[in-house]
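Report on the structure given below.
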2 protein chains.
Amino acid sequence: MPTPHYGQPRYRAIADELRERIESGVIPRGVPLPTESALTAEFRAARGTVRQAIAALRDAGLVATQHGRGTYVTPDQHQLAENSETETQQRKVAADAELAALFAVEVGAALVEEQILIRANGAVGTVVRTYRMPQTK
Amino acid sequence: MPTPHYGQPRYRAIADELRERIESGVIPRGVPLPTESALTAEFRAARGTVRQAIAALRDAGLVATQHGRGTYVTPDQHQLAENSETETQQRKVAADAELAALFAVEVGAALVEEQILIRANGAVGTVVRTYRMPQTK
DNA sequence: AGAAATTTGTCCGTATGTATC
DNA sequence: AGATACATACGGACAAATTTC
């Protein structure tokens with residue numbers, strides 16, 4: 001099989017098809033996308049092409065991929081807006097090993113953490129923690 | 001040559017090297033990057049790997065590519081701050097005591113963590129961690 | 001104006017590494 | 001430890017846009 005891509009590239013057609021399934025609900029939010037090999041078989045495309053399609057969806061924020069686990073459809077943010085309230089608090093925390101590496105400081109160094117709780121109907125649905133270096137100026 | 005990518009992937013090392021040349025002025029702003037085949041020869045890497053490196057620079061806004069022409073170093077935005085890029089990673093983590101209380105689950109229960117790194121001029125400035133329950137129905 | 005050369009874009013197939021289950 | 005799934009890398013082929021002759 002040669003490599004014809006007249007008009008629309010193959011990977012874009014696959015991406016559009018998957019996007020359609022997500023937005024129409026054929027693939028519900030929060031569940032994993034078919035695996036790369038499943039998509040490879042379904043669309044008769046090489047894995048690289050399938051990965052290109054998934055990358056496009058990822059760039060669009062529609063899905064998120066986890067190494068070794070799969071690619072998951074991102075939960076729909078629009079629906080959360082109704083009964084949701086947020087609660088924010090700030091505190092000083094010590095850098096763990098990972099944060100220390102990211103910020104290039106020593107383990108245990110002081111960081112500012114802002115924690116936002118997002119409640120839907122009373123129950124905590126999402127916790128967002130933002131870390132920054134303390135402002136020194 | 002097999003395909004070892006212990007530690008840092010090859011394409012990232014190439015991207016870092018090119019970024020270094022750009023930021024140090026070895027490759028001035030506004031001029032074209034070496035062609036893909038030139039980079040292929042210089043780094044002894046496959047073209048796909050070189051293209052992956054260039055894609056990383058493109059995502060970071062350092063270069064822009066034009067079909068049939070080449071990849072050009074973006075003119076200096078040098079009014080700072082807009083040189084920020086993000087990197088997102090998702091993983092499964094065990095709930096610590098606090099998160100367990102917030103989500104009303106047991107300590108150690110599986111949560112999905114999405115971590116976003118916000119870089120300004122290469123250095124991590126902000127880390128955002130979002131926690132959710134897996135498989136929300 | 002047209003043909004050839006150059007350069008990036010797309011696609012295939014395969015192999016191996018790494019993370020997760 | 002084995003199976004599954006995504007990540008990285010190679011090499012080859014052809015397509016499309018641009019430049020050069």
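Each chain gets a letter, A, B and so on, in the order its sequence line appears, and its residues count up from 1. The analysis underlying the following values was restricted to heavy atoms, covering all of them including side chains, and did not include hydrogens, waters or symmetry mates.
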- To the nearest 0.5 Å, atom CG of A:Leu111 lies from atom CZ of A:Arg132 at 11.5 Å
- Spacing between A:Tyr72 atom OH and C:dT20 atom P, to the nearest angstrom: 12 Å
Within the sub-3.5 Å range, which N or O atoms of nucleotides 2-5 of chain C have a protein N or O partner, and how far apart are they?
none

- Task: Using only side-chain N and O atoms of A:Thr49, determine if any of them is under 4.0 Å from OP1 or OP2 of C:dT10.
- Result: no
- Could you state the CD1-P distance from B:Ile54 to C:dT8, rounded to the nearest angstrom? 7 Å
- Task: Would you kindly give the CD-to-P distance between B:Gln89 and C:dT18, to the nearest whole Å?
- Result: 16 Å
- Separation of A:Gln52 atom CD from D:dA7 atom P, in whole Å? 14 Å
- Query: So, is B:Lys92 close to the C:dC21 phosphate, meaning a side-chain N or O under 4.0 Å from OP1 or OP2?
  - Reply: yes
- Task: Please round to the nearest 0.5 Å and tell me the distance separating atom CD of A:Gln52 and atom OG1 of A:Thr49.
- Result: 6.0 Å
- Exercise: identify the closest heavy-atom pair between A:Ala15 and A:Ala56: CB-CB, 4.3 Å
- Nearest heavy-atom approach of A:Gly61 to A:Thr74 is O-OG1, 3.2 Å
Restricting both atoms to N or O, compile the protein contacts to nucleotides 2-6 of chain D shorter than 3.5 Å, with distance only.
unit_1	atom_1	unit_2	atom_2	d
D:dC6	OP2	A:Glu36	N	2.9
D:dC6	O4'	A:Gly68	N	3.4
D:dC6	O2	A:His67	NE2	3.1

- How many angstroms lie between atom CD1 of A:Ile116 and atom OG1 of A:Thr88, to the nearest 0.5 angstrom? 4.5 Å
- Value rounded to 0.5 Å, distance of CZ in B:Arg51 from OH in B:Tyr11: 15.0 Å
- Message: Please identify which of these residues, B:Glu113, B:Glu114, B:Glu98, meets the salt bridge (Lys or Arg N to Asp or Glu O under 4.0 Å) condition with A:Arg129.
- Response: B:Glu98
- Item | B:Gln90 vs A:Tyr11, nearer the 5' end of DNA chain C by closest nucleotide | A:Tyr11
- Task: Would you mind reading off the distance between B:Glu113 atom CD and C:dA19 atom P, rounded to a whole angstrom?
- Result: 16 Å
- A:Arg12 CZ to D:dA16 P, straight-line distance once rounded to whole Å: 16 Å
- Test B:Thr71 against every option in B:Leu33, B:Leu39, B:Leu62 by the side chain to side chain contact (heavy atoms under 4.5 Å, CB included) rule and name the one that passes. B:Leu33
- CG of B:Leu39 versus P of C:dT7: gap in Å, rounded? 11 Å
- Message: Nearest 0.5 angstrom please: B:Arg29 CZ to B:Glu23 CD, how far?
- Response: 7.0 Å
- Rounded to whole Å, CZ of B:Phe43 lies from C1' of D:dA9 at a distance of 16 Å
